[in-house]
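Index from 1, following the sequence.
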Amino acid sequence: DAALATVHLVTNDSGAAGRLRLFTITGTEGSEVLTAGPYVTAPDTWNDQGSYAPQLGTSTLIETNDSRMQTVVYRNGSLWAAHTIFLPAGGGTRSSIQWWEMTPVGAVVQRGRIDDPAGATFYAFPSMAVNKDGDALIGYSRFSATQHASANYSFRKAADAPGTMQADVVLKAGEAPYDEISDYGENRWGDYSNTVVDPVDDSSMWTIQEYAATPGGGQDRWGTWWGKIETCTPSNCVTPPECLTSTGATCVAGSCVYPPGSDGAACTADADPCTDDVCQAGACVHPAKAEGAA
């Protein structure tokens with residue numbers, strides 16, 4: 001925040017105690033002062049170290065590191081932060097993502113987890129952004145024995161229930177196993193994750209995440225994938241663009257919804273493969289398809 005003189009820092013202090021610690025940096029350049037701030041606590045705890053993640057096509061597990069804080073942003077008077085944790089507390093058999101909204105004095109506004117209690121799906125390496133409206137986006141890696149390591153994200157509108165994220169979305173599906181053991185004996189994946197607000201409109205958000213790419217040069221490899229996530233309302237929906245002009249259409253989660261009788265609503269097919277079946281002005285019409293259309 002260009003208007004904020006204080007720089008805020010957050011650290012994972014102790015998962016066993018369910019505790020974070022806040023710090024600040026103040027002062028002029030060359031005379032900075034680091035000040036230890038309050039602890040932030042949660043009623044449920046987590047492990048700071050844990051298991052490695054499974055993947056499809058190989059028995060080699062992927063390293064998910066530890067519960068160090070991986071992202072923190074100051075927005076609209078709150079600190080938003082996210083990190084990988086290991087559950088259940090005292091066992092740590094799966095990796096999950098924990099996210100927070102806190103005040104700068106340590107009060108928890110809301111907190112949530114992206115987690116599979118069944119332990120089949122692992123989540124790790126989050127990055128987080130929050131826009132001017134208080135909408136939040138978390139990008140991360142997802143792993144399981146039935147998929148290649150993929151790039152994923154979760155989104156929440158400011159009006160969503162506190163402590164909740166919307167459904168996990170695949171940004172880029174993994175393409176192959178990833179099996180590259182380092183000199184330290186680890187199948188290193190890593191915290192190569194970033195999520196930011198678009199500076200042009202301060203509403204759209206971008207995330208870049210890691211996925212298991214197709215092998216090349218005789219080696220397994222990872223790739224990165226960009227994604228742009230736009231909040232969508234009937235007034236700004238552009239996915240698809242006809243949402244703005246179709247009578248009766250509304251925009252839901254970035255897609256147009258056409259109630260019965262509205263323009264674009266599904267109509268009874270006329271069994272002619274060379275025509276489209278659409279609703280216009282409340283009636284079904286069957287215009288000819290464009291030349292060359294399937």
Between L22 and V10, does a side-chain contact (heavy atoms from CB on, under 4.5 Å) hold up when you go through it step by step? CA-CA 5 Å; L22 305 185; V10 181; 3.6 Å; yes
Please report the interatomic distance CZ(R188) to CG(D183), rounded to the nearest 0.5 Å. 13.5 Å
Paired with N131, the side-chain contact (heavy atoms from CB on, under 4.5 Å) test is passed by just one of I229, D201, V197, D198, namely V197
When N194, T195, N152, V196 are each screened for side-chain contact (heavy atoms from CB on, under 4.5 Å) with T207, the one that passes is T195
Does the side chain of M128 reach to within under 4.5 Å of the side chain of Q70, using non-hydrogen atoms? no
Side chains of S144 and T146 only: does a donor on one sit below 3.5 Å from an acceptor on the other? yes
Is there a side-chain hydrogen bond (donor to acceptor under 3.5 Å, both in side chains) between Y140 and T84 once you walk through the steps? CA-CA 10 Å; Y140 49 85; T84 305; over 6 Å; no
Give the intermediate values and the outcome of side-chain contact (heavy atoms from CB on, under 4.5 Å) for residues L20 and M102. CA-CA 11 Å; L20 308 182; M102 306 163 281; 3.9 Å; yes
Any side-chain heavy atom of W189 within less than 4.5 Å of one from T64? no
With side chains defined as the heavy atoms from C-beta onward, is the minimum distance between M205 and Y153 less than 4.5 Å? no
Side-chain donor-acceptor contacts of residues 220-227 below 3.5 Å, not counting sequence neighbours, with atom names and distances?
| from | atom 1 | to | atom 2 | distance (Å) |
| --- | --- | --- | --- | --- |
| D220 | OD2 | D179 | N | 2.9 |
| R221 | NE | T214 | O | 2.8 |

Can you say whether the rings of H8 and Y74 are parallel (under 30°), tilted (30 to 60°) or perpendicular (over 60°)? parallel
Report yes if some heavy atom in the side chain of R68 is under 4.5 Å from a heavy atom in the side chain of N12; otherwise report no. no
For T60 and N187, test the side chains for any donor-to-acceptor distance below 3.5 angstrom and give the result as yes or no. no
Report yes if some heavy atom in the side chain of Q147 is under 4.5 Å from a heavy atom in the side chain of V170; otherwise report no. no
Name each donor-acceptor pair under 3.5 Å that joins a side chain in residues 107-123 to protein atoms two or more places apart or in another chain, with its distance.
| from | atom 1 | to | atom 2 | distance (Å) |
| --- | --- | --- | --- | --- |
| Q110 | OE1 | G163 | N | 2.8 |
| Q110 | NE2 | E101 | OE1 | 2.8 |
| R111 | NH1 | D44 | OD1 | 3.0 |
| R111 | NH1 | Q98 | OE1 | 2.8 |
| R111 | NH2 | D44 | OD1 | 2.4 |
| R113 | NE | Q98 | OE1 | 2.9 |
| R113 | NH1 | D44 | OD2 | 3.3 |
| R113 | NH2 | T45 | O | 3.4 |
| R113 | NH2 | Q98 | OE1 | 3.0 |
| D115 | OD1 | R94 | NE | 2.6 |
| D115 | OD1 | S96 | OG | 2.5 |
| D115 | OD2 | R94 | NH2 | 3.0 |
| D116 | OD1 | A118 | N | 3.0 |
| D116 | OD2 | A120 | N | 3.0 |
| D116 | OD2 | T121 | N | 2.9 |

If you take all heavy atoms of G37 and R21, which pair is closest and at what distance? O-NE, 2.6 Å
Go through the steps to decide whether K172 and Q209 satisfy the test side-chain contact (heavy atoms from CB on, under 4.5 Å), and finish with yes or no. CA-CA 8 Å; K172 171 61 177 174; Q209 300 300 325; over 6 Å; no
Can you list the steps and then say if N47 with S67 is a side-chain contact (heavy atoms from CB on, under 4.5 Å)? CA-CA 8 Å; N47 273 26; S67 63; over 6 Å; no
